[in-house]
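All residue numbers refer to positions in the sequence shown, counting from 1. In each ligand, atom 1 is the first atom listed, and ligand 1 is the first ligand listed.
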Amino acid sequence: MKVKNICCIGAGYVGGPTMAVIAKKCPEIKVTVVDINQARIAAWNDEDVNNIPVYEPGLGEIVAESRGRNLFFSTDVDGAIDEADMIFISVNTPTKTYGEGKGQAADLKWIELCARQIARVAKGDKIVVEKSTLPVRTASTLKDILEHTGNGPHFQILSNPEFLAEGTAVQDLLEPDRVLIGGSQDEGGQKAIQELVNIYAHWVPKEKILTTNVWSSELSKLTANAYLAQRVSSINSLSELCEHTEADINEVAKAIGTDSRIGPKFLKASVGFGGSCFQKDILNLVYISRTYGLHEVADYWEQVILMNDHQKRRFAKKIIRTLYNTVSGKKISFLGWAFKKDTNDTRESAAIYVADYLLNEQSYIAVFDPKVKSEQVFMDLDRLNTRNPEENRKYVKTETDPYKACEGSHAVAVLTEWDEFTGYDWQRIYDSMLKPAHVFDGRNLLDKDKLKSIGFQVHVIGSSD
Ligand code: UDX
Ligand code: ADP
């Protein structure tokens, strides 16, 4: 079989950019990205690529180049499945919010629906590729469903986890550290692996394409995210110690990061990690470990999440404590709502939880984020169910102008490390605020000395005030 048609189910932060890059690099392959969300597909098809639903530097240009040539976005899921030789499953797998495994296990409802749909529609043999992050052994669930409900065709299941990070997705896809493909060890499995290797080999050097068995591939994805998140929680735990001593977390991070065994990346202390992957994947790892009775393993990884929750809570508490132990009726300005810079994604963003904490103390919050839309901010808060939507709208305002967001506030809190925040006219911001004017820098982003010389009281994660 030579793959001529690819279908990707799920046009989200993973499916969209990944398929756009495959289409760019494999012009002879037709790539169709499908989704049940009509509005999302309409946005991917928007004539103006500035309106595509995922903000990623460089993505608009890549979509513009291939869309209509060999890259298509559609809601016709059945049609695309029928036509495809290879189907990527890239749907969401959030943490379960009900029943057994609630709050920890991944909800595989959408994956199962996809598998049943593929089985119902497929008339010929297909290679099915797991792209979404999944608990170990999901491939066997997929195989079971496909084999028991299909109409006769053969399916090969591959695991091909995506390692792109949001904000740098295009670069990560164009020049990945590695591509990982897991498949069954029999002849059919090896052939299917080779088909997928051939696709990536269009632009990725062969030595960077690793092939393993399915289970190793699935577990490697969870492990990579758990290791990365653990680094953030480790440095964040020490940031608290620095605030109580005269050590500075940036200096400590530099000193340890120059040890080639430790390395300099992922040592940036922050208000806490967010994103769709880290928490979900660690919870998943914890759940799987407990399922096998491995309680010490589970407790070990769970601590990474507990530390992250502590970091977000402690940031909010510091604001309250500093503002004379009450923020009731006071305006706090948030610069940033996305979980990191250069993305419009807000899933599990620290900003949501810090806001929730402050709103419990009856503060008013004005939010400015360069890429996050107002509806998203309210959707994130409403989803917490801490208070009703009317109250969220009463206490939270979103602004499209950062200066307006900061006007008349007691404190500015930096929640996302957007580059543009450093270039603002901070004197103008200071002049428009109530005094004493506080800045709580949750990202170690701003020039502390410059702010102090303007007159701000500056509070930074990881160094004493
Ligand atoms: C992560 C993995 O990096 C990626 O390989 C995987 O495919 C998906 O999950 P992502 O969540 O998009 O990617 O972003 P990442 O850059 O890993 O950042 C995650 C969170 O950690 C962000 O909130 C970020 O601000 C925070 N972080 C990261 C820190 O607080 N400090 C750091 O030093 C690094
Ligand atoms: P990720 O970050 O993993 O890409 P997203 O939530 O951004 O996650 O995207 C997942 C997409 O999958 C959503 O747009 C959702 O509508 C889509 N989706 C979920 N289930 C199905 C399904 N059965 N068929 C088609 N699309 C689906």
* Asked: Do any N/O atoms on S276 end up under 3.5 angstrom from N/O atoms on ligand 2?
  -> no
* Of all the heavy atoms in R443, does at least one lie under 4.0 Å from an atom in ligand 1? -> yes
* Quick one: nearest non-hydrogen protein atom to atom 3 (O) of ligand 2, plus distance? -> V14 CG2, 3.9 Å
* In the protein, which heavy atom is nearest to atom 8 (O) of ligand 2, and how far is it? -> R347 NH1, 3.4 Å
* Looking at CZ of F88 and SG of C114, how far apart are the two atoms once the value is rounded to the nearest 0.5 Å? -> 14.0 Å
* For ligand 2, indicate whether the residue I36 contacts it via side chain, backbone, both or neither (heavy-atom separation under 4.0 Å). => both
* Mark yes or no for whether D35, through its side chain, and A11, through its backbone, hold a donor-acceptor pair below 3.5 Å. => yes
* **Identified salt bridge (charged side-chain N to carboxylate O under 4.0 Å, His left out) counterpart of E166 within the set R347, K341, K371** => R347
* Asked: Has the side chain of N45 got a donor or acceptor atom that lies under 3.5 Å from a matching backbone atom of F73?
  -> yes
* Between N344, D380, T416, T398, which is the residue that forms a side chain to side chain donor-acceptor pair (under 3.5 Å) with W337? -> D380
* Which bit of Q279 gets closer than 4.0 Å to ligand 1, counting heavy atoms only: side chain, backbone, both or neither? -> neither
* **Per-residue contact class, E162 against ligand 1 - non-hydrogen pairs under 4.0 Å** => backbone
* Asked: Hey, does L164 come in under 3.5 Å of ligand 1, counting only N/O atoms on both sides?
  -> yes
* Under 3.5 Å donor-acceptor, N151 side chain and R120 backbone -> yes
* Would you mind finding which of F273, F266, F339 brings a heavy atom closest to atom 17 (O) of ligand 1? => F266
* Pick one of side chain, backbone, both or neither for how S132 approaches ligand 2, counting any non-hydrogen atom pair under 4.0 Å. => neither
* Strictly by modelled atom types, are E162 and Y13 linked by a side-chain donor-acceptor pair under 3.5 Å? -> no
* Lys NZ or Arg CZ of K30 over F72 ring: under 6.0 Å, within 45° -> yes
* To do: Return the residue, atom name and 0.1 Å-rounded distance of the protein heavy atom closest to atom 12 (O) of ligand 1.
  => E166 N, 2.7 Å
* R40 to ligand 2: N or O pair under 3.5 Å? -> yes
* ligand 2 contact on E112 by region, counting heavy-atom pairs under 4.0 Å -> neither
* Asked: Is a side-chain donor-acceptor pair under 3.5 Å present for R231 with S234?
  -> no
* Structure fact -> Taking only non-hydrogen atoms of L267 and a 4.0 Å limit, the atoms of ligand 1 in range are 33 (O)
* Between L283 and G103, what is the shortest heavy-atom contact and its length? -> CD1-O, 3.3 Å
* Asked: Under 3.5 Å, is there a donor-acceptor pair between the side chain of E243 and the main chain of G462?
  -> yes
* To do: Check ligand 1 against C277 and write out every atom of the ligand that is under 4.0 Å from a heavy-atom position of the residue.
  => 8 (C), 9 (O)
* Asked: Less than 3.5 Å between some nitrogen or oxygen of E417 and one of ligand 1, yes or no?
  -> no
* Report yes if V232 has an N/O atom closer than 3.5 Å to an N/O atom of ligand 1; otherwise report no. => no
* ligand 2 and Y13, any nitrogen or oxygen pair closer than 3.5 angstrom? -> yes
* **ligand 1-proximal atoms of L228, by part, heavy-atom distance under 4.0 Å** => side chain
* Indicate yes or no: does an N/O atom of D35 lie under 3.5 Å from an N/O atom of ligand 2? => yes
* Asked: Is the closest heavy-atom distance from K221 to ligand 1 below 4.0 Å?
  -> yes
* If you measure from each non-hydrogen atom of N225 to ligand 1, which part falls under 4.0 Å: side chain, backbone, both or neither? -> side chain
* Asked: Do K448 and D248 sit within salt-bridge range, that is, some charged N less than 4.0 Å from a carboxylate O?
  -> no
* Asked: Just which atoms of ligand 2 are under 4.0 Å from any heavy atom in N37?
  -> 16 (O)
* Asked: Any idea which atoms of ligand 1 are less than 4.0 Å away from a heavy-atom of S270?
  -> 29 (C), 30 (O)
